[in-house]
Amino acid sequence: MADERLGELKEKTRYEAAEVEARVFAGWMEEGYFHPAAEGTAGENFSVAIPPPNVTGALHMGHALNGSMQDALVRMNRMRGRNTLWTLGTDHAGIATQAVVEKELRAEGKSRHELGREAFVERVWAWKEEYGSRIVEQYKRLGASCDYKRERFTLDEGYVRAVYRVFKRLYDKGYIYRDNYMVNWDPGSHSAISDLEVENREVKDTLYSIDYPVEGSERVLTVATVRPETMLADTAVAVNPDDERYADLVGQHCVLPLVGRRLPIVADEHVDPEFGTGALKITPGHDPTDFEIGRKHGLEEIGVIGPDGRMAEGAGERFAGMTAAEAQEAVVAALRAEGRLRAEEPYVHSVPFSHRSGERIEPLISLQWFCRMDELARPAIEVVERDEVRIAPPQWKRVYLEWMREIRPWCISRQLWWGHRIPVWYCDPCEETIVAEQPPERCGACGGELRQEEDVLDTWFSSAIWPFATLGWPDETPELRAFYPTSFLTTAREILFLWVARMIMTGIEFAGDVPFRDVYVHSVIQARDGRRMSKSLGTGIDPLEEIDRHGADALRFGLLAMSSTQDVRFSDAKVQQGADLANKLWNASRLILLNVGDAPEEVRPERVEDRWILSRLEATIASVTANLEQYDFAHAVGEAYAFFWSELCDWYLEIAKPRLYEREDEVSAVLLRVLERVLALLHPVMPFVTEEIWSYHPARQGHLAVHPFPQADESLRDLEAEAQMQAGIELTRRLRAWRDLVEAPAAMVLAARAEGTAPQEFVGRLARVEFAEDGGDPVAAVGPVKILASDEIDAGAVSARLAARREELRAEVARAEGKLANEKFVARAPAEVVSEEREKLECYRAELEELSE
RNA sequence: GGGCGCGUAGCUCAGUGGGAGAGCGCUCGCCUCACACGCGAGAGGUCGCUGGUUCGAACCCAGCCGCGCCCACCA
């Protein structure tokens with residue numbers, strides 16, 4: 001290595017992530033490590049498809065966590081020599097992207113309707129070209145080793161072909177159909193949305209009780225509602241069939257106040273006789289429950305609220321044109337005037353809101369495209385039941401299965417312009433419907449002009465086929481052969497149904513195999529105060545700012561360290577711990593690299609400390625690797641940290657320093673080997689700092705990114721060396737503690753005499769104790785070591801210390817004696833537990849006796 | 001309404017049947033020739049509450065209290 005570089009290393013006493021990361025990343029990209037050839041089979045290769053972020057998105061903490069996990073496993077497998085692909089791309093995100101561009105237009109005083117569909121879509125594409133790569137660049141900042149040359153977009157040309165193929169096949173199988181049905185209408189995005197895009201929120205409303213007179217009678221039926229304006233669309237009143245109060249009324253009619261419509265009184269078991277008066281107004285046009293009751297009883301479906309959220313013609317002249325809120329007030333006022341309003345009381349209940357726009361859902365009946373899911377779900381249930389797709393942690397398996405078993409038809413059409421326009425054409429003259437992957441010229445039946453369906457597909461319809469559509473499906477590409485099925489998926493639970501379940505269904509149906517073998521559901525990182533991180537709450541923490549401040553390695557380490565199977569709060573301390581670790585790696589490496597001598601290739605050291613550190617290293621490699629393979633990232637990084645910081649830096653490096661300064665060959669060989677393996681082990685988690693340090697390592701032949709990942713060498717495990725070193729470390733600790741206790745000055749060397757076998761050399765050096773054959777009188781015993789009298793030691797402190805230790809020992813002896821005196825314990829506890837307890841007791845007694853001299 | 005999970009040191013979290021752990025914070029001592037983003041030594045916990053099972057419970061069981069999330073058509 002050039003002396004110049006070593007000089008640099010000597011100068012830099014701090015690791016500066018900001019100065020290193022971009023350069024190191026560029027180095028990987030130049031070599032093309034992340035762009036594998038499409039060779040081999042999926043069985044031999046390793047592949048992951050990133051959950052495609054929205055093009056409108058910016059990297060948030062969830063992406064950063066998920067990316068850190070995926071990259072750790074992807075890098076580990078790449079280092080193991082597997083042909084590894086991590087597919088990256090973005091989702092066109094229909095509603096979100098359309099909203100962004102519409103907002104831009106509004107700022108210019110324009111609307112999409114003025115532009116027209118074609119020009120608007122062009123405008124969105126222009127937006128995408130300009131801003132769509134932002135999040136991709138942000139993944140690079142994180143260090144994600146994705147194949148940036150194979151970047152995909154859910155609306156790119158090949159992908160659209162795949163989407164249309166899927167639509168056509170599902171249509172031909174009879175799964176996709178068009179129907180007039182109750183949907184969740186989102187007044188914010190002016191589109192229907194699926195059940196999964198709806199969230200329920202607690203809302204304070206008023207519950208109004210309204211009297212509906214029974215026709216030809218003095219009786220009234222009092223019904224309760226939080227939405228009196230929908231009464232204009234009532235077409236029945238329902239009571240429970242077992243409710244004796246109303247048995248005689250079933251089959252008769254009520255008269256709808258304000259409107260005068262005759263409403264049949266029907267019996268339906270859905271009605272809860274306990275609630276209110278036990279009579280329920282039925283509004284099939286604007287309530288999902290009523291809709292189902294209505295279809296069951298063949299009731300008329302009237303719409304009084306339009307897609308614009310205003311009262312429609314059906315509401316009558318008096319109310320048409322009002323907003324629903326205005327109409328509510330007007331209806332209540334009118335009812336009050338007619339004396340029909342019996343009661344109004346505050347009422348808290350949960351109501352649906354659009355997850356996208358945040359507006360209150362308006363349930364209404366409209367003509368939409370649906371996909372039947374039961375047939376698709378069946379095999380997707382079986383593969384999870386049989387663990388062909390393993391979902392971890394295990395409780396999510398059940399959650400998945402329960403949802404899948406009750407799956408309902410999926411509303412797949414959206415009244416948007418940005419997205420996959422549904423590949424359906426209508427011929428108005430002959431009422432023909434044509435579904436095709438390519439736009440047909442003319443109507444096959446009558447030769448007439450065709451009109452394409454206006455609606456686009458739900459964004460999730462296209463992301464459902466992500467793992468294989470990104471690889472070129474429906475063509476039989478080499479990529480598909482090499483990288484499908486993918487190896488695993490890590491995800492947040494919020495998209496388990498929205499995305500994961502649908503990928504499993506489409507994977508089996510279209511690609512002939514499950515899309516991945518393992519699904520790992522990771523924790524959600526909450527804000528520091530325990531609230532959810534969200535832009536609207538202002539609780540978001542920007543991962544890029546964390547990277548600016550502490551480096552990508554620090555953030556990656558921190559996120560993995562704080563990850564868990566349960567939700568956790570974002571921990572600045574863990575990120576700081578990562579930054580400190582990067583710095584410590586840098587400095588420990590400086591110590592080693594600047595001082596090693598010529599190292600022999602083979603290392604079979606004699607000395608106990610060398611055998612010890614090699615043994616501990618191999619044990620660490622084994623357990624870190626096992627934890628990574630089980631998606632237990634927190635324990636993986638915690639163990640790597642503990643080994644490196646405590647065992648390697650705090651003990652071994654201190655013990656080895658004199659030999660290192662002598663440039664001794666054997667210790668050089670041990671240290672270079674340990675460093676190499678530690679860097680490689682940590683590289684999947686902290687790729688930048690490890691790669692940078694590796695560039696100074698004399699054994700370096702190429703990038704660490706493609707260096708073999710360490711495999712634990714069991715032959716180097718040495719339990720005898722571990723036990724000996726443990727004893728030496730323990731003794732050193734006790735001597736240091738004793739020094740502190742008697743307030744011996746830090747620099748002072750204590751005189752001592754060892755009883756029995758002499759302690760290892762490092763004990764005296766690290767505890768600043770000098771052992772002599774003879775000398776003064778012992779003033780205290782620390783284990784097998786007698787501390788000799790000296791002027792600096794405070795005799796009072798010593799005797800206080802001895803007294804305290806005797807107390808501790810007496811308590812321990814009493815505890816152990818008590819336990820062993822318990823006949824049941826001795827009789828029923830396992831033999832080794834009992835004998836351990838006896839051994840402890842003997843040790844305590846011996847020490848106590850020694851101190852009592 | 002159903003389901004899942006959580007309550008352990010001041011804070012954030014590990015630990016899931018045999019003597020309470022980590023990181024941060026705190027106290028004391030160290031600029032010891034890799035690192036003060038450091039080194040050494042400490043203090044700090046009736047493991048939410050109450051019962052039960054067991055020779056033995058933070059850990060298993062039951063109930064209660066508090067908190068969170070998911071699913072669900074009680075107006």
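Numbered from 1 within each chain, the chains take letters A, B, ... in sequence-line order.
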Nearest-neighbour nucleotide for the [X] side chain, [options] considered:
X: A:Thr13; options: B:A14, B:C35, B:C74; value: B:C35
X: A:Ser350; options: B:C73, B:A72, B:A14; value: B:A72
X: A:Lys574; options: B:U12, B:G40, B:C73; value: B:U12
X: A:Val833; options: B:A41, B:G18, B:A72; value: B:G18
X: A:Gln577; options: B:G38, B:A34, B:G23; value: B:G23
X: A:Ser571; options: B:U12, B:A41, B:G38; value: B:U12
X: A:Glu654; options: B:G18, B:A41, B:A34; value: B:A34
X: A:Phe825; options: B:C35, B:G23, B:G18; value: B:G18
X: A:Phe497; options: B:C13, B:C70, B:U32; value: B:C70
X: A:Leu653; options: B:A34, B:C13, B:G18; value: B:A34

- Message: Run the ring-ring contact (aromatic ring centres under 6.0 Å, His included) test against A:Trp403 and tell me which residues pass, sequence neighbours left out.
- Response: A:Phe497
- With sequence neighbours left out, write down each residue that passes salt bridge (charged side-chain N to carboxylate O under 4.0 Å, His left out) with A:Glu808, or none if nothing qualifies.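 Expected list: A:Arg805.
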- Query: Is the closest side-chain heavy-atom distance between A:Leu672 and A:Leu593 below 4.5 Å?
  - Reply: yes
- Query: Quick one: are A:Ile265 and A:Cys254 in side-chain contact, heavy atoms under 4.5 Å?
  - Reply: yes
- Message: Taking donor-acceptor contacts at under 3.5 Å, does the side chain of A:Asp740 reach the base of B:G42?
- Response: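 Looking at the base of B:G42, it does not pair with any donor or acceptor on the side chain of A:Asp740 (distance under 3.5 Å).
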If you measure from the [atom1] atom in [N] to the same atom in [M], how many Å do you get, rounded?
N: B:C60; M: B:U53; atom1: C1'; answer: 8 Å
N: B:U16; M: B:G7; atom1: P; answer: 12 Å
N: B:G68; M: B:C30; atom1: C1'; answer: 45 Å

For [X], report the nucleic acid contact type (base, sugar-phosphate, nothing); a contact means any heavy atom under 4.0 Å.
X: A:Tyr347; value: sugar-phosphate
X: A:Arg227; value: nothing
X: A:Val271; value: base

Tell me whether the OP1 or OP2 atom of [N] has a side-chain N or O from [X] closer than 4.0 Å.
X: A:Lys824; N: B:U54; result: no
X: A:Ser564; N: B:A14; result: yes
X: A:Lys10; N: B:C33; result: no
X: A:Gln395; N: B:C70; result: no

- Message: Classify the ring geometry of A:Tyr696 against A:Trp586: parallel below 30°, tilted from 30° to 60°, perpendicular beyond 60°.
- Response: perpendicular
- SB check A:Arg845 A:Glu842 (cutoff 4.0 Å): no
- Query: Under the 3.5 angstrom rule, does the side chain of A:Arg590 hit a backbone N or O of A:Leu9 as a donor-acceptor pair?
  - Reply: yes
- Query: Between A:Arg528 (side chain) and A:Ile541 (backbone), is there a donor-acceptor pair under 3.5 Å?
  - Reply: no
- Which parts of residues 396-408 of chain A get close to RNA chain B, meaning a heavy atom less than 4.0 angstrom away?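 Contacts with RNA chain B under 4.0 Å: A:Arg398, A:Arg408.
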